[in-house]
Structures are given as C-alpha cells and as structure tokens.
Q: 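Sharing a structure, written as structure tokens. Questions coming.
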Amino acid sequence: MRRLAGSVTALAAALTLAGCGGSGEPASSGPELKVTGAYMPVPAMADMAAGFFTVTNSGGADTLTSVTSDLSDDVTLHATEGGAMEERTSFPVPAHGRLDFASGGNHVMFEKLARKPVQGEKVAVELHFAKSGTVKVSMPVEPATYNPKTGH
C-alpha cells in the first residue's frame with residue numbers, strides 16, 4: 001500500500017511539473033507588438049487629419065484603447081464599415097494577428113489641430129494598449145495621394 005501511495009504521489013508531482021511549462025514556453029504569452037507603415041496624408045483642412053498604421057502581434061491578445069498626440073487634444077479611433085464611419089472606444093489586437101488602420105477602413109482622426117502638419121514632417125503619436133502600455137510612433141506626413149503599397 002505504501003509503495004502504491006508513493007508511486008501515486010510521484011506521478012502527481014511529475015504531472016504538476018509537466019503542466020508548468022515543460023515545453024520550455026511560458027504558461028501564458030503576453031502581447032508582442034510591432035507598429036509599421038505609419039503615415040498621415042497631408043491634411044486637406046487646417047483643423048482635421050487622419051492617421052494610418054499596422055499593428056502586428058506575435059504574442060497574446062491586446063487592445064488598442066486610445067491614441068494621443070501633441071498635434072491635437074482630440075484624437076479618436078474610427079472604423080469604416082459599409083461606407084459609414086463610426087467612432088470606437090477601442091480595437092482588439094488578436095493574438096498572433098494584426099490590426100490594420102488603412103485608407104477607407106479603420107483610421108485615427110486628429111481633430112482641432114494645434115497646427116496643420118506639412119509634407120515631410122513627422123508627427124509624434126502615442127498608441128495606448130491595455131496590456132502593452134504606450135508605444136511611441138513617429139508618423140511621417142506624406143502627400144495626400146500617398147499609396148503605402150507603392151510608397152508613392
């Protein structure tokens with residue numbers, strides 16, 4: 001009986017240790033974010049601009065909760081679905097996925113601009129995530145007709 005009890009205890013201990021990441025990977029993976037392709041088309045109006053970028057996540061899920069910039073005290077997140085623009089309070093960043101902000105789709109709106117940015121300038125932007133905290137981005141101001149796929 002004692003030998004059986006000892007074997008059961010040893011087996012339980014081995015299974016517990018195996019469940020603690022025996023594969024060499026952490027039990028839960030946090031988000032691993034990378035922001036690329038950021039740009040702002042030269043604004044057509046003096047008081048409003050849009051911004052675009054891609055967030056690639058090679059880890060666990062996160063949420064983009066807000067965007068801030070010295071360019072404006074009024075920066076909001078927007079989705080465009082079926083041609084209609086709708087303000088959002090946040091956007092999910094899926095685990096091992098991506099979140100795209102692109103012309104005609106999701107975008108950041110900068111309203112009541114402190115000044116109108118000019119082509120060639122770089123606008124400092126901070127993306128705020130629920131788990132990853134703040135990610136600073138330098139958003140170049142590109143021509144109004146800029147196409148990120150061609151770089152022109």
Q: Using salt bridge (charged side-chain N to carboxylate O under 4.0 Å, His left out) as the criterion, list what pairs up with Glu111, not counting sequence neighbours.
A: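 Salt bridge (charged side-chain N to carboxylate O under 4.0 Å, His left out) list for Glu111, sorted by chain: empty.
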Q: Going by the rule side-chain contact (heavy atoms from CB on, under 4.5 Å), which residues pair with Arg88 if we only count those two or more places apart in sequence or in a different chain?
A: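 Here the qualifying residues are Ala79, Glu81, Glu86, Phe91.
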Q: Could you tabulate the donor-acceptor pairs under 3.5 Å formed by side-chain atoms of residues 123-136, not counting sequence neighbours?
A:
unit_1, atom_1, unit_2, atom_2, d
His128, ND1, Thr134, OG1, 3.0
His128, NE2, Thr68, OG1, 2.8
Lys131, NZ, Ala61, O, 3.3
Ser132, OG, Asp62, OD2, 2.6

Q: Roughly how far, to the nearest 0.5 Å, is CE of Met40 from CZ of Phe52?
A: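 Reported to 0.5 Å precision, the distance equals 9.5 Å.
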Q: Do Pro41 and Pro143 have side chains that approach each other closer than 4.5 Å (heavy atoms only, starting at C-beta)?
A: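 In short, these two side chains do not touch, never coming nearer than 4.5 Å.
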Q: What's the separation between atom NE2 in His107 and atom CZ in Phe53, rounded to the nearest 0.5 Å?
A: 11.0 Å
Q: For Thr76, what residues pass the side-chain hydrogen bond (donor to acceptor under 3.5 Å, both in side chains) criterion, not counting sequence neighbours?
A: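 Partners of Thr76 under the side-chain hydrogen bond (donor to acceptor under 3.5 Å, both in side chains) test: His78.
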Q: Go through the structure and list residues passing side-chain hydrogen bond (donor to acceptor under 3.5 Å, both in side chains) with Glu87, not counting sequence neighbours.
A: none
Q: Are Val118 and Val42 packed together at the side-chain level, in the sense that at least one heavy-atom pair is separated by less than 4.5 angstrom?
A: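 Val118 does not reach Val42 side chain to side chain.
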Q: Show me the pairs that pass side chain to side chain donor-acceptor pair (under 3.5 Å) and involve residues 36-56, at least two apart or across chains.
A: Thr54-Asp100
Q: Can you list everything that forms a side-chain contact (heavy atoms from CB on, under 4.5 Å) with Lys112? Sequence neighbours excluded, please.
A: Asp74
Q: Pro140: which residues meet the side-chain contact (heavy atoms from CB on, under 4.5 Å) condition with it, sequence neighbours left out?
A: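 For Pro140, the residues satisfying side-chain contact (heavy atoms from CB on, under 4.5 Å) (neighbours in sequence not counted) are Lys122, Glu142.
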Q: Would you say Leu64 and Leu77 make side-chain contact, with heavy atoms under 4.5 Å?
A: yes
Q: Under a 4.0 Å N-O cut-off, is there an ion pair linking Glu121 with Lys116?
A: no
Q: Please tabulate, for side-chain N and O atoms in residues 145-152, each donor-acceptor pair with protein atoms closer than 3.5 Å (sequence neighbours left out).
A:
unit_1, atom_1, unit_2, atom_2, d
Asn147, OD1, Lys149, N, 2.8
Thr150, OG1, Asn147, O, 3.3
Thr150, OG1, His152, N, 3.3

